[in-house]
Student: 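Here's a structure for you.
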Protein chains: 2
Amino acid sequence: MPGPGPTDNGRMKTTDALPLSQPPSPRTLAQPPLTSNVTALPAPPAPSGVASILKTLAILEIVAERGGATAKEVSASLGYPLPTVYRLMQTLVQSDYLVHIRRERKFELGYKLHQLGVSLHRQIGVPAEVRTEIARLHRNAQAAAYFAVYRGADVVVTYIVDSPAAPRLTPLSFGFHEAAHATAFGKIMLSGMTGEQRDQYLDAHGLPQLTPATITDRGELERQLESISRSHVAWEHEEFVPGMTCAAVGVRNSAGLLVGSVAISARADSIAIRERDHERMLRETAAGLSRYFRSGSVRR
Amino acid sequence: MPGPGPTDNGRMKTTDALPLSQPPSPRTLAQPPLTSNVTALPAPPAPSGVASILKTLAILEIVAERGGATAKEVSASLGYPLPTVYRLMQTLVQSDYLVHIRRERKFELGYKLHQLGVSLHRQIGVPAEVRTEIARLHRNAQAAAYFAVYRGADVVVTYIVDSPAAPRLTPLSFGFHEAAHATAFGKIMLSGMTGEQRDQYLDAHGLPQLTPATITDRGELERQLESISRSHVAWEHEEFVPGMTCAAVGVRNSAGLLVGSVAISARADSIAIRERDHERMLRETAAGLSRYFRSGSVRR
DNA sequence: GGGGCCCTGTCACCATGTGAGAAGCTGCCT
DNA sequence: AGGCAGCTTCTCACATGGTGACAGGGCCCC
């Protein structure tokens with residue numbers, strides 16, 4: 001068996017069972033080598049949780065990543081014994097989360113995942129007004145345009161309009177909710193939290209260094225958030241993706257609470273010369289959407 | 001619906017029918033001993049599979065159906081003890097399949113489901129040529145138009161074009177793969193199988209009666225399939241949805257194998273007068289797509 | 001301040017999932 | 001065709017890991 005290293009046959013704590021190995025989560029990207037000193041940080045995600053379920057979900061994600069996989073491949077890449085893999089996969093097949101394509105001897109994703117994806121979008125529900133305003137912003141600013149909202153404890157991108165000429169930042173897509181400290185819309189949302197909420201959030205997520213310019217010092221971030229809450233606009237210069245810059249403005253509801261934010265991104269050099277223009281367009285879009293969240297109409 | 005119900009096809013309406021699902025506490029609950037007599041029914045629910053995973057997936061689906069649910073609601077409607085529900089849901093949260101919205105004390109679907117949905121669509125991958133041809137068929141026939149393919153052991157709808165004036169049959173959407181015996185594209189696919197494959201399929205799925213006109217007799221179905229394999233067109237008159245009728249023609253690849261089928265649906269009365277026209281348009285579309293699957297181009 | 005929910009621990013039990021081994025089952029190669 | 005070499009399913013004894021009653025924080029709302 002091509003298992004990694006010494007196959008621990010005996011009944012041991014299969015501590016390596018951390019199935020979070022492969023998932024293409026942006027969490028694991030951009031690991032600056034740093035000094036390889038053994039940081040005592042409890043970096044590995046807590047292994048808490050029901051093991052068999054984590055295993056099953058890991059299988060699902062492997063199949064998603066590879067665009068279909070055989071049981072053997074799954075067994076090899078996750079290190080689970082073959083009969084276990086079959087049992088778990090059959091359970092997924094039975095519930096329509098996977099499909100077994102016997103002809104090709106492999107498993108692929110099942111249709112239930114389509115339904116769940118649709119349900120997710122329905123739950124998030126971006127109103128048509130938001131969509132048209134973000135599209136308009138994209139056209140006017142000739143930059144990728146985003147809308148993000150609070151959801152639970154996260155800041156989530158819920159709508160994006162871009163084009164080949166003005167593409168989105170690659171890690172950004174619907175559902176993105178990491179790295180608030182390094183994105184413009186993330187900073188807007190952080191600046192709208194109470195100090196306590198912010199502490200809790202930053203404790204949980206940390207300030208990973210994504211580029212050389214990423215703010216990793218808590219004090220510096222706090223100072224910038226302070227200034228953002230006065231100017232009502234957040235900028236981010238190559239702190240998230242090298243060579244790219246972002247700006248965002250908050251959207252508030254009738255109670256004056258921050259409900260979301262509007263953002264644009266563009267190449268750092270191209271946007272620099274037009275900061276004023278871009279800020280104005282952002283502010284106009286945000287004002288229109290704030291009106292919408294107050295009164296149900298974008299028009300003044 | 002709650003996945004655990006095997007061979008419960010014909011259950012397609014996504015009504016919010018209370019997920020009675022499986023026995024709440026099958027073992028622990030002391031059953032009134034007497035009544036155990038009979039019920040020699042072959043135990044319709046075959047709860048084969050890993051129980052904890054079925055429970056977890058059932059939770060996921062409850063949250064999807066209701067558009068968010070509290071742990072208590074889940075516990076009540078599935079009959080699982082509260083701590084168990086919390087444990088399972090937290091595991092899902094940890095893997096981004098659920099999100100816990102503390103403010104509203106409820107759980108909603110997580111972003112991983114979006115990624116998985118996207119992966120599913122990528123795996124199924126409907127070519128642009130198919131999309132444009134189906135759209136053209138919809139316009140010309142002024143009827144909802146469908147494309148379905150084999151996938152594993154199923155016949156799956158992968159693309160639909162409809163409009164308010166010519167809406168799709170309500171249970172039909174991307175990923176639909178039930179009731180092959182009652183749909184036109186299903187009949188086309190069944191007619192392209194070997195007798196053995198067909199037997200296996202029908203044994204597994206049965207011929208549930210969906211409307212008064214549904215063919216539920218295996219012999220009658222076989223006879224009709226026979227005739228379909230000669231005429232190369234399948235009709236279905238109110239066998240799937242009352243008042244609606246469907247027609248389908250197969251699409252073949254260079255090896256002459258059936259790879260998919262094209263279908264349209266319309267009100268039974270409106271389509272009746274133009275059967276010839278509709279058949280012709282279906283045949284033209286199917287021929288074009290067959291050319292595409294043979295040579296990579298729709299054009300002759 | 002108090003009461004009523006949510007939510008999260010703790011813990012002993014034992015049902016449940018686990019994984020080695022081996023037997024079906026295909027389809028491929030010779 | 002035969003036989004082989006995978007893939008897939010089954011069986012079974014074991015102890016692990018999940019389970020669920022209970023109880024203790026935490027939070028909001030009355």
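Note that the coordinates shown come from a computational prediction; the quantities given were computed from them, not determined experimentally. Below, chains carry the letters A, B, ... as their sequence lines are ordered, and counting in each starts from 1.
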Student: How many Å lie between OH on B/Tyr80 and C1' on D/dG18, as a whole number?
Tutor: 14 Å

Student: Say whether, by atom type as modelled, one donor and one acceptor occur between the side chain of A/Ser75 and the main chain of A/Ala71 under 3.5 angstrom.
Tutor: no

Student: Looking only at atom types and distance, does a side-chain atom of B/Thr84 sit under 3.5 Å from a main-chain N or O of B/Tyr80, one as donor and one as acceptor?
Tutor: no

Student: Is A/Ser52 touching bases, backbone alone, or none of the nucleic acid, heavy atoms closer than 4.0 Å?
Tutor: sugar-phosphate

Student: If the plane angle is over 60° it's perpendicular, under 30° parallel, otherwise tilted; pick one for B/Phe176 and B/Phe185.
Tutor: perpendicular

Student: Answer yes or no: is there an ion pair linking B/Lys106 with B/Glu73, defined by an N-O contact shorter than 4.0 Å?
Tutor: no

Student: Looking only at atom types and distance, does a side-chain atom of A/Ser290 sit under 3.5 Å from a main-chain N or O of A/Arg252, one as donor and one as acceptor?
Tutor: yes

Student: Just the rounded figure in Å: distance from P of D/dG20 to CE of B/Met89.
Tutor: 16 Å

Student: Where the side chain of B/Arg198 meets the backbone of B/Leu190, is there a donor-acceptor pair that is under 3.5 Å apart?
Tutor: yes

Student: Under a 3.5 Å cutoff on both atom distances, Watson-Crick or G-U, what's the dot-bracket for DNA chain C ([ ] crossing, | other strand)?
Tutor: |||||..|||||||||||||||||||||||

Student: Should we count CD of B/Gln197 as having more than 12 external heavy atoms under 6.0 Å?
Tutor: yes

Student: Rounded to whole Å, how long is the line connecting atom CG of B/Leu88 with atom P of D/dG17?
Tutor: 17 Å

Student: Identify whether the distance between the nearest side-chain nitrogen and carboxylate oxygen of A/Arg218 and A/Asp203 falls below 4.0 Å.
Tutor: yes

Student: Please write out each protein N/O paired with an N/O of nucleotides 6-13 of chain D under 3.5 Å, distance rounded to 0.1 Å.
Tutor:
{"residue": "D/dC7", "atom": "OP2", "partner": "A/Lys72", "partner atom": "NZ", "Å": "3.2"}
{"residue": "D/dC7", "atom": "O4'", "partner": "A/Arg105", "partner atom": "NH1", "Å": "3.2"}
{"residue": "D/dT8", "atom": "OP1", "partner": "A/His100", "partner atom": "NE2", "Å": "3.3"}
{"residue": "D/dT8", "atom": "OP2", "partner": "A/Tyr86", "partner atom": "OH", "Å": "2.6"}
{"residue": "D/dT8", "atom": "O5'", "partner": "A/Tyr86", "partner atom": "OH", "Å": "3.1"}
{"residue": "D/dT9", "atom": "OP1", "partner": "A/Gln90", "partner atom": "NE2", "Å": "3.4"}
{"residue": "D/dT9", "atom": "OP2", "partner": "A/Gln90", "partner atom": "NE2", "Å": "2.5"}

Student: Does D/dG20 have its OP1 or OP2 closer than 4.0 Å to a side-chain nitrogen or oxygen of B/Thr84?
Tutor: yes

